[in-house]
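A short write-up of the structure that comes next.
Just follow the structure's listing: the first ligand is 1, and inside any ligand the first atom is 1. None of these values were measured; they are calculated from a predicted model. Only heavy atoms go into these numbers, but all of them, side chains included; no hydrogens, no water, no symmetry mates. Heads up: numbering here begins at 1 and tracks the sequence.
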Amino acid sequence: MLPIILIARAIFPEVIAKLAQHFEVATNQTDESWTPAQLIQNLQGTQGVFTTGGERIDAALLAACPDLKICANMAVGYNNFDLKAMTAAGVLATNAPDVLTETTADFGFALLMATARRMAEAEHFLRAGLWTSWRYDLLAGADIHGSTLGILGMGRIGQGIAKRGAHGFGMQVIYHNRSRLDLATERACKASYVSKEELLKAADHLVLVLPYSASSHHAIGAPELAQMKPTATLVNIARGGIVDDAALAMALRNKTIAAAGLDVFEGEPAVHPDLLTVPNVVLTPHIASATLPTRLAMANLAADNLIGFLKHGTPLTPLNPELLTKR
Ligand code: GLV
């Protein structure tokens, strides 16, 4: 009998077809949002689940799904997984790193540019019929070339953004991270390590690329925003909850900082209503990795993790590899 797997959201038909060569596959191609209870119900009897970053896998779910052996996330971030509970339950977790690094760094840089140069605000202005004449300071924004780029969270994506800034735009790059990078990587990114306080004070543009955890919750709130330059821009492509959205909306309204670009939100897809009423923010619906080739590569990696582990015991990108040595 083939192992049974569940694909928890709609995904590419060709990836479903690949999985169907190895497994009995249950899908959610109607893409309805399942409650935790519905997810548990749909997981009964399944050995593997293909998740997309939104499905919470915690101790309660694991206890209710005793057949589950692997959860394969089609996302590099895995804050939807309680990794400790999964390891304790002997359930393998995998994510989808690397294949989205450059695409996501492209988007981070695009959002930075759109924010600093007020592109969304300018488009709304034009569409509203407000462009009636030239003005010396019409929608004037901040320069990107030659400015100071700050990066909080210097993993693979942070490094990709640093390289774009340093090599493409002559930016001075500073970063803060849980641990300092080795010198060769710092050199390749032309990046200098600074304290979080110095990063907040010195950055003209601050990009957040750190993982979400209890310790990064509201890492940027009112006290941090108050330390930034009034001309600064803030970009969050990491996770909602890293920024205190209410405090940010207030800082944008009061011009504590000049502008923000946000791809992720606390409690998304809901967006804090105050953010919808300030003009100096560019808002996008969590699409930093969304090019078709990259999303397909992420889906294939999640699928290959399921096949690798359930068929051969060799997943490609395990998050709790200690389980493999115990087998
Ligand atoms: C997207 O946010 C991801 O973690 O892949």
> Which ligand 1 atoms are under 4.0 Å away from a heavy-atom of His286?
Replying inline: 1 (C), 2 (O)
>> So, applying side-chain hydrogen bond (donor to acceptor under 3.5 Å, both in side chains) with Arg9, which one of Asp31, Thr51, Asn28, Thr30 is it?
In response: Asp31
> So is Ala238 polar-close to ligand 1, meaning N/O to N/O under 3.5 Å?
Replying inline: no
>> Could you check whether Asn73 and Asn80, counting side-chain N and O atoms only, form a donor-acceptor pair closer than 3.5 Å?
In response: yes
> Looking at atom 5 (O) of ligand 1, what's its closest protein heavy atom, distance included?
Replying inline: Val76 N, 2.8 Å
> Which atoms of ligand 1 sit under 4.0 Å from any heavy atom of Leu100?
Replying inline: 5 (O)
> With a 4.0 Å cut-off, would you call Arg135 and Asp137 a salt bridge?
Replying inline: yes
> In ligand 1, which numbered atoms sit nearer than 4.0 Å to a non-hydrogen atom of Met298?
Replying inline: 5 (O)
> Side chains of Gln159 and Tyr175: do they bring a donor and an acceptor to under 3.5 Å?
Replying inline: no
>> Are Leu149 and Phe169 packed together at the side-chain level, in the sense that at least one heavy-atom pair is separated by less than 4.5 angstrom?
In response: no
> ligand 1 and Arg239, any nitrogen or oxygen pair closer than 3.5 angstrom?
Replying inline: yes
